[in-house]
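Ligands are counted one by one from 1 in listed order, and the atoms in each one are counted from 1 as well. Quick note: residue numbers are just sequence positions, from 1.
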Amino acid sequence: MTLLAIETSCDETSAAVIREGEILSNIVSSQTAIHAEYGGVVPELATREHLRNLIPVIQAALRKANVDPPMLDAVAATRGPGLPSALLVGLKAGQALAFSLRKPVIGIHHHEAHLYSPWISGDPPRGHFAGFEPSVSLIVSGGHTLLVAVTEMFNHRVLGGTLDDAAGECFDKTGKLMGLAYPAGPEIDRLAAAGNPRTHNFPRPMLNEPGEDFSFAGLKTSVRYFLQKNPGLLEDPRHVRDLCASVQAAIVEVLVAKTVRAARRLGVQCVTASGGVACNTALRRDLEGACKESGLRLRLADGQFSTDNAAMIGILAEQKLLAGAGEIAFDAEIEPSWAL
Ligand code: KG4
Ligand code: ZN
């Protein structure tokens, strides 16, 4: 089966061609430079960029895969959740193409694609879900922080999520307070590598509360107050590095502790992590350490499949189609607030 996948839920325009679990191409056109000027994603600009870039990105993905549209057996697109106008561009383009080819169109849940992305593995990476087993899965992105219990393929239950800001949002917003460009997560990661995480003891929200929910708005506020009380601090790069390391340590400690605790509580042997924040060096290192200590197997999404990409959409769509699921009508609507 050869399948084209499209992802336009936020600020990445992406298209991928998948054949029998193999990723023939995965083109990602990121808009972060455009949104950086505004300190966050501007929906109107995101939509305009998707409209401008989607056809060239699809053409590039098909060309790289050496596939002509008539060779496609199906078209998949992200149906939600995400920015409504951004989702519309990708889903409607996918439906139109599938309609013209008289082939099925698959509507994919963006977080479900993140959820299964750690099972894309190998060299070259393949989406065969080899070694798949029940797990507790941490999905950490710019818009969402979710802990999910996966009992079997396509059978999962949300254990908890953020009550306010997402983990990525906390990185981005505290970074903005420090004068870093959007998205600040990767820059905090880089600066923190040379900083001391024990310099400032920022709150670890909900760390010791039972349950699997998160809250990061208080941590952001405490960084804001800290900077108000120490106005000159940002002028010294050494202090900025220590601040980044301390903020990152607070976020990572909560994510790691709650994930491992949930795995222990449910008695699963495996932990997975995905989403943009799963690229974070400290999170990857500390999850590895904590899982080792607790005798848990850890599967981290590869960096290229952590941030938004169409390959994870296509890999999941192919599995769904093989299982007889996921097909939607040519005029099915977007689902901007689709719950996992
Ligand atoms: O999954 P993603 O590409 O888009 C959404 O679906 O939101 O995640 C983007 C988020 C941003 O908040 C970004 O700052 C964060 O992932 N991020 C990181 C790192 N790389 C990306 N956060 C911390 N450390 C990183 N290395
Ligand atoms: Zn995402």
Is it the side chain (CB and beyond), the backbone, both or neither of [X] that lies under 4.0 Å from ligand 1, heavy atoms counted?
{"X": "Thr307", "answer": "both"}
{"X": "His114", "answer": "side chain"}
{"X": "Ser306", "answer": "backbone"}
{"X": "Asn280", "answer": "both"}

Main-chain N/O of Gly161 paired with Asp213 side-chain donor or acceptor, under 3.5 Å |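 At least one qualifying donor-acceptor pair exists.
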Evaluating non-hydrogen atoms only, which member of [options] is closest to [atom]?
{"atom": "atom 2 (P) of ligand 1", "options": "Ile251, Val252, Asp11, Asp308", "value": "Asp308"}
{"atom": "atom 10 (C) of ligand 1", "options": "Pro81, Gly142, Gly168", "value": "Gly142"}
{"atom": "atom 20 (N) of ligand 1", "options": "Gly143, Gly185, Gly276", "value": "Gly276"}
{"atom": "atom 11 (C) of ligand 1", "options": "Leu283, Asp172, Ile139", "value": "Asp172"}

Which atoms form the tightest heavy-atom contact between Ala317 and Ala76, and what is the distance?
->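 Distance-wise, the nearest heavy atoms are CB-CB, 3.4 Å.
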N, O or S atom within His110 nearest to the Zn ion (ligand 2), by name =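 Output for this pair reads NE2.
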Among the N/O/S atoms of Asp308, select the one at the shortest distance from the Zn ion (ligand 2) and name it.
-> OD1
Which residue pairs pass the salt bridge (charged side-chain N to carboxylate O under 4.0 Å, His left out) test when at least one of the two sits in residues 1-30, sequence neighbours left out?
->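 Those involving residues 1-30 are Glu22-Arg126.
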Please determine if the Zn ion (ligand 2) has an N/O/S atom from His111 lying under 2.8 Å away.
->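 Coordinating: no.
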Would you check if the Zn ion (ligand 2) lies under 2.8 Å from any N, O or S atom of Cys10?
->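 No, outside the cut-off.
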Using a strict cut-off of 4.0 Å, indicate which atoms of ligand 1 neighbour a heavy atom of [X].
{"X": "Ser141", "result": "1 (O), 5 (C), 6 (O), 7 (O), 8 (O)"}
{"X": "His110", "result": "6 (O)"}
{"X": "Asp189", "result": "24 (N), 25 (C), 26 (N)"}
{"X": "Cys279", "result": "20 (N), 26 (N)"}

Take atom CZ of Phe99 as the centre, draw a 6.0 Å sphere, and report whether it contains more than 12 heavy atoms from other residues, nucleotides or ligands.
->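 At most 12 heavy atoms, drawn from other residues, nucleotides or ligands, come within 6.0 Å of this atom.
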Below 30° counts as parallel, above 60° as perpendicular, anything between as tilted: where do the rings of [X] and [Y] land?
{"X": "His109", "Y": "Trp338", "value": "tilted"}
{"X": "Tyr116", "Y": "Phe132", "value": "tilted"}
{"X": "Phe202", "Y": "His200", "value": "tilted"}

State if Cys10 counts as touching ligand 1 under the rule of any non-hydrogen atom under 4.0 Å.
-> no
Do Arg285 and Glu288 pass the salt bridge (charged side-chain N to carboxylate O under 4.0 Å, His left out) test, and can you show the C-alpha distance, the side-chain angles, and the key distance before you say yes or no?
-> CA-CA 5 Å; Arg285 181 197 61 210; Glu288 227 156 76; over 6 Å; no
